[in-house]
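For ligands, and for the atoms within them, numbers begin at 1 and follow the listed sequence. The residues of the chain are indexed from 1 along the displayed sequence.
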Amino acid sequence: MIFAYLKPYFRHLIVIGLAVLLFVILSREPEDIQPHQQVDRDEEISSDVKLFTDIELEQYNGREGSPGLYLVILGYVYDVASGVKHYGPGEAYNMFVGHDASRSFISGEFEAYHPEMSDVSSLTDGELKSLVKWKSFYDETYVYKGKLIGRYFDDRGRLTDYHKVILERAIKAEQKETEPRQQYPSCNVEWKEETGTRVWCTSRSGDGVERGWVGKPRRYAKEPNPYCVCVPDDVSTSDTSLAPFADCDVSSESCFVMETKTV
Ligand code: HEM
């Protein structure tokens, strides 16, 4: 080993030199790090999340000389270059690139961009849920690039209070929609060639446990396939997603189903 042949004096010098180098590296101030290089605190140390400013992102509009084609939804930035036929200059959805126009995913305003288009607070909870689904679409289809500092993320890439409220409202809508399935027991179902499908309610749940009430079969129609739940008598039928079955008395505990897809 060369090291063994060096005079002790030189060996000490090398060791001290390495120690000084290590000290310099470890004591670098965080100010040296540019905003877009900061490690995302919310997302732990998994990856460096690039943080964009409005001005920086504006350049990613796909026009000649631009560094790329980036779209923003709920403050998340995606590279949509592979969808240039939708988002490129002059294409139908070009308005979405270079800035956050989240509200337009619901309102359908694609003509001209206004900064207020990033404000989604006027949307209903259900619309916010749809917006979050659009965000999932971009996660699945395009390349995630980082976050836009502003309404949805602060300058350290953390969710803003505004963003948290939006997400809570979207989750509330999601829970509301799945509620009847969780809240009410499903009906009994049988199928016979002569009569077709019959749904009915008994005072026992599917696993045979006595629940103390029978309820009426109601068609829960908000899912892709309508679904039958037993709803207690004191529940108002004003919720149109829980409608009585066609050609079946509202007070009946058993109904024949005229459509094929209901279970
Ligand atoms: C709020 C209303 C709407 C929004 C937010 C919207 C948004 C979008 C977006 C973002 C894309 C590109 C998806 C991708 O990256 O692959 C797209 C594609 C498309 N949209 Fe819309 N759209 C809306 C309404 C409509 C309507 C009313 C029509 C039809 C009259 C339509 C027809 C299409 C078609 C044909 C495609 C291309 C599908 C493909 O080639 O893969 N859109 N839409």
Side-chain angles (χ1 to χ4, degrees), residues 36 40 43 46-153 157 159-160 162-178 221-226 240-241 261:
H36 63 268
D40 181 31
E43 295 174 10
S46 56
S47 64
D48 279 11
V49 172
K50 181 165 163 118
L51 297 180
F52 295 85
T53 61
D54 285 330
I55 293 169
E56 196 179 358
L57 197 83
E58 250 172 34
Q59 300 163 25
Y60 291 80
N61 53 26
R63 288 196 215 114
E64 216 177 309
S66 76
L69 191 63
Y70 285 8
L71 172 148
V72 188
I73 182 164
L74 295 171
Y76 293 94
V77 180
Y78 297 87
D79 180 344
V80 292
S82 61
V84 65
K85 64 174 179 173
H86 303 307
Y87 306 104
E91 302 297 344
Y93 300 106
N94 177 252
M95 192 283 291
F96 283 115
V97 299
H99 35 237
D100 190 328
S102 293
R103 197 173 64 207
S104 303
F105 282 95
I106 303 301
S107 68
E109 306 160 71
F110 308 138
E111 289 303 309
Y113 168 75
H114 311 287
E116 315 86 68
M117 282 176 171
S118 65
D119 181 5
V120 297
S121 55
S122 60
L123 300 180
T124 65
D125 293 357
E127 288 170 333
L128 292 177
K129 198 194 93 176
S130 307
L131 192 55
V132 171
K133 277 195 183 157
W134 268 109
K135 192 244 162 202
S136 306
F137 165 77
Y138 287 96
D139 282 327
E140 285 158 19
T141 318
Y142 294 104
V143 183
Y144 172 60
K145 297 307 276 189
K147 298 168 179 178
L148 177 63
I149 300 167
R151 202 183 281 281
Y152 296 92
F153 294 101
L159 293 180
T160 57
Y162 176 94
H163 197 164
K164 285 179 192 164
V165 170
I166 296 303
L167 292 179
E168 276 161 21
R169 288 181 54 201
I171 290 168
K172 204 165 94 186
E174 177 79 42
Q175 285 168 345
K176 206 169 164 198
E177 227 166 76
T178 51
K222 273 199 179 162
E223 301 208 350
N225 293 336
T240 49
S241 67
K261 275 191 150 183

Colleague: With a cut-off of 4.0 Å, which atoms of ligand 1 are near a heavy atom of G108?
Modeller: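 Every atom of ligand 1 under 4.0 Å from some heavy atom of G108: 1 (C).
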
Colleague: Would a 4.0 Å cut-off, counted as strictly less than, catch a protein heavy atom around atom 1 (C) of ligand 1?
Modeller: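 At least one protein heavy atom is under 4.0 Å away.
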
Colleague: Check Y138 against ligand 1 and report side chain, backbone, both or neither, counting heavy atoms closer than 4.0 Å.
Modeller: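 For Y138, only side-chain atoms sit under 4.0 Å from ligand 1.
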
Colleague: Is atom 35 (C) of ligand 1 near the protein, in the sense that some protein heavy atom lies at less than 4.0 Å from it?
Modeller: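 Within 4.0 Å: no protein heavy atom nearby.
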
Colleague: Looking only at protein heavy atoms, identify the closest one to atom 4 (C) of ligand 1 and say how far it is in Å.
Modeller: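 Checked against all protein heavy atoms, atom 4 (C) of ligand 1 sits closest to F110 CZ, 3.3 Å.
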
Colleague: For the pair K135 and D139, find out whether any cationic side-chain nitrogen is under 4.0 Å from an anionic carboxylate oxygen.
Modeller: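 So K135 pairs with D139 through a salt bridge.
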
Colleague: Could you walk me through whether Y70 and D79 pass side chain to side chain contact (heavy atoms under 4.5 Å, CB included), step by step?
Modeller: CA-CA 5 Å; Y70 285 8; D79 180 344; 3.6 Å; yes

Colleague: Using ring pair (Phe, Tyr, Trp, His ring centres under 6.0 Å), reason through F105 and Y138 one step at a time and then give a plain yes or no.
Modeller: CA-CA 12 Å; F105 282 95; Y138 287 96; 5.8 Å; yes

Colleague: What I want to check is whether the side chains of Y162 and D119 have a donor and an acceptor closer together than 3.5 Å.
Modeller: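 Yes, side-chain donor-acceptor contact under 3.5 Å.
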
Colleague: Yes or no, since that's all I need: does a protein heavy atom fall within a distance strictly under 4.0 Å of atom 8 (C) of ligand 1?
Modeller: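 For atom 8 (C) of ligand 1 the answer is yes, since some protein heavy atom falls inside 4.0 Å.
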
Colleague: Which residue and non-hydrogen atom of the protein lie closest to atom 5 (C) of ligand 1, and at what distance in Å?
Modeller: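 Residue, atom and distance for the closest contact: F105 O, 3.2 Å.
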
Colleague: Is the backbone N or O of S122 less than 3.5 Å from a side-chain atom of R103, with the two atoms forming a donor-acceptor pair by type?
Modeller: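 No, the answer is negative, given that no donor and acceptor are paired below the 3.5 Å cut-off.
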
Colleague: Which atoms of ligand 1 sit under 4.0 Å from any heavy atom of K85?
Modeller: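 Near K85, meaning under 4.0 Å from one of its heavy atoms, ligand 1 has 40 (O).
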
Colleague: Is the backbone N or O of S118 less than 3.5 Å from a side-chain atom of Y152, with the two atoms forming a donor-acceptor pair by type?
Modeller: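 Present.
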
Colleague: Please check atom 23 (C) of ligand 1 for a protein heavy-atom neighbour under 4.0 Å.
Modeller: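 Protein heavy atom within 4.0 Å of atom 23 (C) of ligand 1: present.
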
Colleague: Of the protein's non-hydrogen atoms, which lies at the shortest distance from atom 13 (C) of ligand 1, and what is that distance?
Modeller: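 That would be Y87 OH, 3.5 Å.
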
Colleague: Verify whether the ring centers belonging to Y78 and Y142 lie closer than 6.0 Å.
Modeller: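 No, the ring of Y78 stays outside the 6.0 Å limit from the ring of Y142, centre to centre.
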
Colleague: Any idea which atoms of ligand 1 are less than 4.0 Å away from a heavy-atom of Y142?
Modeller: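 Counting from 1, the qualifying ligand atoms are 14 (C), 15 (O), 16 (O).
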
Colleague: Would you say that more than 12 heavy atoms from the other residues, nucleotides or ligands in this model lie under 6.0 Å from the CD of E111, or not?
Modeller: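 Atom CD in E111 is not crowded, with 12 or fewer foreign heavy atoms closer than 6.0 Å.
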
Colleague: Would you say atom 26 (C) of ligand 1 touches the protein, meaning some protein heavy atom is under 4.0 Å from it?
Modeller: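 There is no protein heavy atom less than 4.0 Å from atom 26 (C) of ligand 1.
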
Colleague: How far is atom 28 (C) of ligand 1 from its nearest protein heavy atom, and which residue and atom name does that atom have?
Modeller: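 For this ligand atom, the closest protein heavy atom is Y93 OH, 4.7 Å.
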
Colleague: Does atom 17 (C) of ligand 1 have any protein heavy atom closer than 4.0 Å?
Modeller: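 Yes, at least one protein heavy atom sits under 4.0 Å from atom 17 (C) of ligand 1.
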
Colleague: Using every non-hydrogen atom in the two residues, find where H86 and E91 come nearest and quote the distance to one decimal.
Modeller: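 Where H86 meets E91 most closely, the heavy atoms are O-CB, 3.2 Å.
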
Colleague: Using the ring of each side chain (for Trp, its six-membered ring), is Y76 parallel, tilted or perpendicular to H163, with breaks at 30° and 60°?
Modeller: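 It falls in the perpendicular class, over 60°.
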
Colleague: Could you find the nearest protein heavy atom to atom 37 (C) of ligand 1 and give me its residue, atom name and distance?
Modeller: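 Answer, as residue, atom name and distance: H86 CE1, 3.5 Å.
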
